[in-house]
> 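Submitted below is the structure of interest, expressed as structure tokens.
Since the structure is predicted, the reported quantities are computational estimates derived from the model, not experimental observations.
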Amino acid sequence: MLLLGICLLDLLLIFAPFCYMILKRMVHIKCRGGTYPFSDVKRFVFSDDQVSWSATMENYIPPEYNSRVLHNKPWADPPIENTNFKPKWNDLDGNINRRSHLGNYNISTGRPLNPEGRTGIKGCGVLGKWGPNHAADPIVTRWKIVDNMKQINHSTKLRDCGQWALPGGMVDPGEQVSETLKREFLEEALNGLEVSKEQSTKDAEMIKEFFQVGTEIYKGYVDDPRNTDNAWMETVAVNFHDEDGKSVGKFYLKAGDDAQNVRWTDIDKNLDLYASHSNFIQLVAEKLHAHW
């Protein structure tokens, strides 16, 4: 009997121009200090014990930044001072989900407050929604195999991954997370399956079935460098495992959408990923009794 505990898993990763960090237990690191992404705005600097809103900071006067890129975009909220903008905080606002995975967040002077505390900058930054911005991250795995279809045992050879990340993306208004997970895999990993129409139809049906069953690994707040005091990222990370390598595991991978590159890569505790992405992958490896 082959022990899965010593077998290698292949993990699907993308190389993206911008990645974000996910923490199992949030500690503001990526969204504190330094310059806000895609701007020259410096965050207000403060100590770790001042992150919580319950900590008194009489001199906390962070700069405000609202990217011009968001102006008049159909998927983005209008400026908070717009008198016609009357969002339903902590609720389903039409087809926009303004509820947080963390529960109800507070509203101060008409603005939602980051439930995990201060970030050193106010406004919505480059995020499209005030309050929670929902994403979904599919963790797609298969057993590592050789030509004779035998699973490969652990090897000490490692490869440098650079800034690799899970192929995730934003949940569109009114979209189910399951659909987002499937869509992001198609857009970022398979580039729309550039094959014959007949094969594409077969593959599309197979992928639809594959993404119907997954195991939720994490749901909650994301320590993303784009976060502000009034807008933040949240995600649902789900593992989809191809046990026999005959569904998504068989595909030749081609980068698409906003991914610069894509590949299957070995799972290992030394995998050079954005720090806490590794925490999710470790949970998946443990769940499947794979090498870590």
Side-chain angles (χ1 to χ4, degrees), residues 18-26 28 30-31 53 66-67 69-82 84-117 119 122-139 165-188 208 211-240 257-258 280:
F18 179 82
C19 304
Y20 53 78
M21 181 179 181
I22 301 176
L23 294 179
K24 188 175 182 181
R25 184 179 183 279
M26 205 294 301
H28 276 177
K30 288 293 179 179
C31 60
W53 294 111
N66 300 293
S67 174
V69 174
L70 303 178
H71 288 186
N72 299 318
K73 292 293 189 297
W75 44 266
D77 284 340
I80 199 74
E81 62 272 11
N82 189 323
N84 295 320
F85 181 47
K86 300 178 180 179
K88 297 180 180 179
W89 304 122
N90 292 300
D91 204 350
L92 191 61
D93 187 10
N95 63 355
I96 299 174
N97 183 12
R98 299 193 188 277
R99 296 171 296 193
S100 170
H101 295 313
L102 281 67
N104 286 349
Y105 46 87
N106 294 323
I107 308 300
S108 177
T109 62
R111 298 184 177 208
L113 285 183
N114 189 315
E116 294 292 355
T119 66
K122 60 183 180 180
C124 65
V126 296
L127 294 177
K129 299 288 187 293
W130 295 89
N133 289 255
H134 292 283
D137 292 293
I139 305 174
L166 301 173
M170 303 303 296
V171 179
D172 289 339
E175 184 178 45
Q176 295 295 318
V177 170
S178 58
E179 287 300 312
T180 307
L181 292 163
K182 181 177 67 176
R183 171 172 54 80
E184 287 301 323
F185 179 77
L186 284 168
E187 290 179 354
E188 295 191 351
K208 180 179 180 181
F211 279 99
Q212 285 179 347
V213 181
T215 301
E216 184 177 296
I217 301 300
Y218 176 83
K219 179 168 69 175
Y221 184 86
V222 177
D223 184 21
D224 190 298
R226 296 169 294 179
N227 289 352
T228 72
D229 288 359
N230 312 118
W232 59 90
M233 289 295 304
E234 299 189 13
T235 197
V236 177
V238 180
N239 176 222
F240 297 94
D257 195 42
D258 57 354
F280 292 146

> Within the 4.5 Å heavy-atom criterion, are His134 and Thr235 side-chain neighbours or not?
no

> Can you confirm whether Lys219 is buried at NZ, in the sense that more than 12 heavy atoms of other residues, nucleotides or ligands lie under 6.0 Å from that atom?
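For Lys219, atom NZ is not crowded (no more than 12 foreign heavy atoms under 6.0 Å).
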
> So which heavy atom on Pro112 is nearest to which on Tyr105, and how close?
CB-CE1, 3.6 Å

> Please find the pair of heavy atoms, one from Pro138 and one from Phe211, that lie closest to each other, and give the distance.
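Distance-wise, the nearest heavy atoms are CB-CE2, 4.2 Å.
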
> Taking the side chain as everything from C-beta on, heavy atoms only, tell me whether Asn114 gets closer than 4.5 Å to Asn230.
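Answer no - side chains too far apart.
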
> For a salt bridge (Lys or Arg N to Asp or Glu O under 4.0 Å) with Asp93, tell me which candidate from Lys129, Lys88, Arg98 qualifies.
Arg98

> With no hydrogens and no angle check, do the side chains of Thr215 and Asn239 hold a donor and an acceptor under 3.5 Å apart?
no

> I want to check something: taking the side chain as every heavy atom from C-beta on, are Trp53 and Ser108 in contact at a cut-off of under 4.5 Å?
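They are not in side-chain contact.
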
> Quick one, Trp232 and Pro115 - any side-chain contact, counting heavy atoms below 4.5 Å?
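Yes, their side chains come closer than 4.5 Å.
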
> Show me the pairs that pass salt bridge (Lys or Arg N to Asp or Glu O under 4.0 Å) and involve residues 101-111, at least two apart or across chains.
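Qualifying pairs, neighbours excluded: Glu64-Arg111.
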
> Is there a side-chain contact between Lys122 and Thr228 in this structure, where contact means two heavy atoms from C-beta onward sitting under 4.5 Å apart?
no

> Please check if the number of heavy atoms outside Asn72 that lie under 6.0 Å from its CG is greater than 12.
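No, because the 6.0 Å sphere around CG of Asn72 holds 12 heavy atoms or fewer from other groups.
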
> Does any donor atom in the side chain of His28 or Tyr221 lie under 3.5 Å from an acceptor atom in the other side chain?
yes

> Are Ile80 and Phe85 packed together at the side-chain level, in the sense that at least one heavy-atom pair is separated by less than 4.5 angstrom?
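In contact.
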
> Are any of the side-chain heavy atoms of Trp75 and Ile96 separated by less than 4.5 Å?
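When only atoms from C-beta onward are counted, Ile96 and Trp75 do not touch, as no gap falls below 4.5 Å.
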
> Answer yes or no: is there a side-chain heavy-atom contact under 4.5 Å between Glu116 and Leu102?
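Counting from C-beta outward, Glu116 and Leu102 do come under 4.5 Å.
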
